[in-house]
Amino acid sequence: MRPTTGMWRSFAMALALVAGFTGLSYAQVTTGSIAGTVADETGGVLPGATITAVHVPSGTRYEGVSRGDGGFTLPGMRVGGPYSVTAAMSGFQTRVTTGVFVNLGVATDLKVSLKTQAM
């Protein structure tokens, strides 16, 4: 049996469809993130703490708030660093962590402990 124009057209369409789907599976990751927990000095989680990360060389800021379990995530961050990460919450001393670096496609783990503010 000799291939017809219609058969070649169907083959070309199928090939284009497969190529299109495989292109989607190779999406390029260009960012990283910082994720972690905020707790008090006794280890109790602190929901509602504000977390701010500043990419020192560029001044780019990323901000989030800790969830009910004390966890937080700052997604879509510029890779590299250093970052200065500040955790703040009413009634607690502000904590600044410097020299944090973000890696491509993964979450940098950061555990933050806040001390109660002296009255």
Side-chain angles (χ1 to χ4, degrees):
M1 182 166 143
R2 208 174 138 129
T4 64
T5 303
M7 290 173 76
W8 283 115
R9 187 174 292 138
S10 295
F11 176 74
M13 288 174 58
L15 187 59
L17 185 63
V18 169
F21 282 127
T22 57
L24 292 176
S25 66
Y26 293 108
Q28 193 171 25
V29 175
T30 60
T31 62
S33 62
I34 296 177
T37 55
V38 182
D40 64 17
E41 57 221 323
T42 66
V45 298
L46 293 175
T50 300
I51 312 299
T52 305
V54 177
H55 182 252
V56 175
S58 68
T60 306
R61 299 173 63 88
Y62 304 87
E63 191 169 285
V65 176
S66 60
R67 301 179 298 271
D69 63 356
F72 68 91
T73 304
L74 303 176
M77 297 179 72
R78 175 189 293 242
V79 173
Y83 279 88
S84 175
V85 182
T86 303
M89 185 170 184
S90 180
F92 292 87
Q93 295 176 14
T94 298
R95 173 85 184 258
V96 178
T97 305
T98 59
V100 177
F101 286 82
V102 172
N103 296 309
L104 182 64
V106 297
T108 299
D109 187 39
L110 184 64
K111 303 212 182 313
V112 179
S113 178
L114 297 181
K115 293 181 180 182
T116 54
Q117 209 166 32
M119 297 285 170

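Residues Val85 and Val96 are not in side-chain contact: their nearest non-hydrogen atoms beyond the backbone lie 4.5 Å or more apart. Looking at Val45 and Val38, their side chains never come closer than 4.5 Å, going by heavy atoms from C-beta outward. Put simply, the side chain of Met77 does not reach to within 4.5 Å of the side chain of Thr60, judged on heavy atoms. Residues Ile34 and Phe72 meet the side-chain proximity criterion, which asks for heavy atoms closer than 4.5 Å. Residues Leu114 and Met89 form a side-chain contact, since some pair of their non-hydrogen atoms from C-beta on lies under 4.5 Å apart. Counting heavy atoms from C-beta on, the side chains of Glu63 and Thr50 come closer than 4.5 Å.
Annotation: the span from Ser33 atom OG to Leu110 atom CG amounts to 11.5 Å, rounded to 0.5 Å. For the atom pair CZ (Arg95) and NZ (Lys115), the distance works out to 8.0 Å, reported to the nearest 0.5 Å. Note that the CG atom of Leu46 and the OG atom of Ser90 stand 11.5 Å from one another [nearest 0.5 Å]. For the atom pair OH (Tyr62) and OG1 (Thr52), the distance works out to 13.0 Å, reported to the nearest 0.5 Å. Atom OG1 of Thr108 and atom CG of Leu74 lie 10.5 Å apart (nearest 0.5 Å). Atoms CZ and OH, on Arg78 and Tyr83 in that order, are 6.5 Å from each other to the nearest 0.5 Å.
Panel note: side chain Asn103, backbone Val106; no donor-acceptor pair is recorded below 3.5 Å. Using a distance-only test at 3.5 Å, with no hydrogens or angles considered, no donor-acceptor pair links the side chain of Thr37 to the main chain of Lys111.
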Verdict with supporting geometry, Glu41 and Thr116, side-chain hydrogen bond (donor to acceptor under 3.5 Å, both in side chains):
CA-CA 8 Å; Glu41 57 221 323; Thr116 54; 3.1 Å; yes
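Here the shortest heavy-atom pairing between Pro47 and Gly68 reads CB-CA, 3.6 Å.
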